[in-house]
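The first residue of the sequence shown is numbered 1, and numbering continues consecutively from there.
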Amino acid sequence: MPIWLQAGLWGWLAGFALLIGAAIGYFFKVPTRLIAAIMAFGSGVLISALSFELMDEAYKQGGFNATALGFVVGAGVYTVANWLLAKYGAKHRKRSGDQQAKEAQSTTESSGGAAIAVGALLDGIPESIVIGLSMLGGSKVSLVAVAAIFLSNIPEGMSSAAGMKKAGRSRLYIFGIWGGIMFISGIAAISGYSVFNAFSVEVIAATTAIAAGAILAMIADTMIPEAFETAHDWTGLITVLGFLTAFMLTKLGG
């Protein structure tokens, strides 16, 4: 099987977790406290993966300058894009409570819905590109990265779908978004492998760091606030447990 296709399949697998989470959040009345706890756990998993998989690998490949520049650029681009989307109704796209419903009242159906869809893409694409990047040079996929993205995507889908349902979004709209994001996740993983296959290690390192910076900014802007909203004092401990789980996977996989 061609490596680019393998990258796509891994990307689709990681993206499928969004659909799983969305189905749980939509069809089952999951306590918001549980959603918040799972979101905190997923945040810890991602923080560990970007620390020991992405940033460490970027530093080994391209050195400090390329890694640091990419990391800051990724966070900056994500922050600006997220700020723009928030103005059009996507600020609370990952919240499981009534925040999405209140936000929907101040925006039109079309603009708010489009902003949520674009916001979901903004959150998911950097993660998927990382999967493709991990396979450059004929390497096997980073199973730790895939596992971390998969584990974090489930609470993202749960929280967002629950909030969308409370905001009055239709079933077709909700699952259409997450199905589309799943499909694009595979395409992004293919792009991460195919597009950067001919680039220098410095460019690859910077791109990996850009993805890491965007992911960390996403965690701070959207996942941690949802987790702390309900879990409160337990957020830190649950996040640490998620971090430890991914750290163990990194060491076992290495």
Side-chain angles (χ1 to χ4, degrees), residues 11-43 46 78 81-128 149-188 214-215 217-231:
W12 283 315
L13 174 63
F16 182 62
L18 291 168
L19 273 178
I20 296 175
I24 295 172
Y26 186 88
F27 291 109
F28 299 94
K29 190 173 179 58
V30 183
T32 55
R33 199 171 187 83
L34 178 59
I35 294 178
I38 299 174
M39 187 70 83
F41 186 86
S43 298
L46 275 181
Y78 178 91
N82 193 51
W83 173 74
L84 289 172
L85 287 170
K87 296 177 65 175
Y88 292 96
K91 181 177 182 180
H92 299 298
R93 59 185 178 274
K94 289 188 179 178
R95 309 303 290 271
S96 59
D98 297 322
Q99 296 92 341
Q100 288 194 49
K102 294 177 181 178
E103 190 171 49
Q105 295 173 2
S106 61
T107 58
T108 63
E109 179 71 20
S110 58
S111 65
I116 290 174
V118 175
L121 277 174
L122 177 68
D123 298 335
I125 286 180
E127 299 173 349
S128 303
I149 295 168
F150 188 93
L151 289 173
S152 65
N153 277 347
I154 291 177
E156 285 186 47
M158 284 176 60
S159 180
S160 187
M164 288 179 182
K165 185 177 181 181
K166 291 180 179 180
R169 307 285 181 186
S170 68
R171 182 185 304 182
L172 178 63
Y173 174 86
I174 294 172
F175 288 99
I177 277 189
W178 295 119
I181 301 303
M182 172 189 165
F183 175 76
I184 294 173
S185 294
I187 301 301
I215 292 170
M218 179 268 292
I219 293 170
D221 286 349
T222 64
M223 294 183 70
I224 293 296
E226 167 62 17
F228 186 76
E229 179 76 19
T230 306

>> If you apply the rule side chain to side chain contact (heavy atoms under 4.5 Å, CB included), what do you find for Leu18 with Met182, and how did you get there?
In response: CA-CA 7 Å; Leu18 291 168; Met182 172 189 165; 5.8 Å; no

> Which heavy atom of Tyr26 sits nearest a heavy atom of Lys165, and at what distance?
Replying inline: O-NZ, 2.8 Å

> What residues form a ring pair (Phe, Tyr, Trp, His ring centres under 6.0 Å) with Phe27, not counting sequence neighbours?
Replying inline: Phe175

>> Phe16: which residues meet the ring pair (Phe, Tyr, Trp, His ring centres under 6.0 Å) condition with it, sequence neighbours left out?
In response: none

> Any donor and acceptor pair, going by atom type alone, linking the side chain of Trp12 with main-chain N or O of Ser185 inside 3.5 Å?
Replying inline: no

> So do the side chains of Arg169 and Ile174 get within less than 4.5 Å of each other, counting heavy atoms only?
Replying inline: yes

> At what distance, to the nearest 0.5 angstrom, does CD1 of Ile215 lie from CD1 of Ile125?
Replying inline: 12.0 Å

>> Ignoring hydrogens, what is the shortest heavy-atom contact between Ala188 and Ser128? Give both atom names and the distance.
In response: CB-CB, 3.6 Å

> Which pair of heavy atoms, one from Glu127 and one from Ile149, lies closest together, and at what distance?
Replying inline: O-CD1, 3.2 Å

>> Are Ile20 and Phe150 packed together at the side-chain level, in the sense that at least one heavy-atom pair is separated by less than 4.5 angstrom?
In response: yes

>> Nearest 0.5 Å, please: how far is CG in Leu46 from CG in Leu151?
In response: 9.0 Å

> Roughly how far, to the nearest 0.5 Å, is OG of Ser152 from CD1 of Ile38?
Replying inline: 12.5 Å

>> For Ala220 versus Pro225, what's the shortest heavy-atom pair and its separation?
In response: O-CD, 3.3 Å

> Measuring from Asp221:CG to Trp83:CH2, what's the distance to the nearest 0.5 Å?
Replying inline: 13.5 Å

> For the atom pair CD1 (Ile224) and CE (Met218), what is the distance rounded to the nearest 0.5 Å?
Replying inline: 10.5 Å

>> Please determine whether side chain to side chain contact (heavy atoms under 4.5 Å, CB included) holds for the pair Asn153 and Trp178, giving the CA-CA distance in whole Å, both sets of side-chain angles, and the decisive distance to 0.1 Å.
In response: CA-CA 11 Å; Asn153 277 347; Trp178 295 119; over 6 Å; no

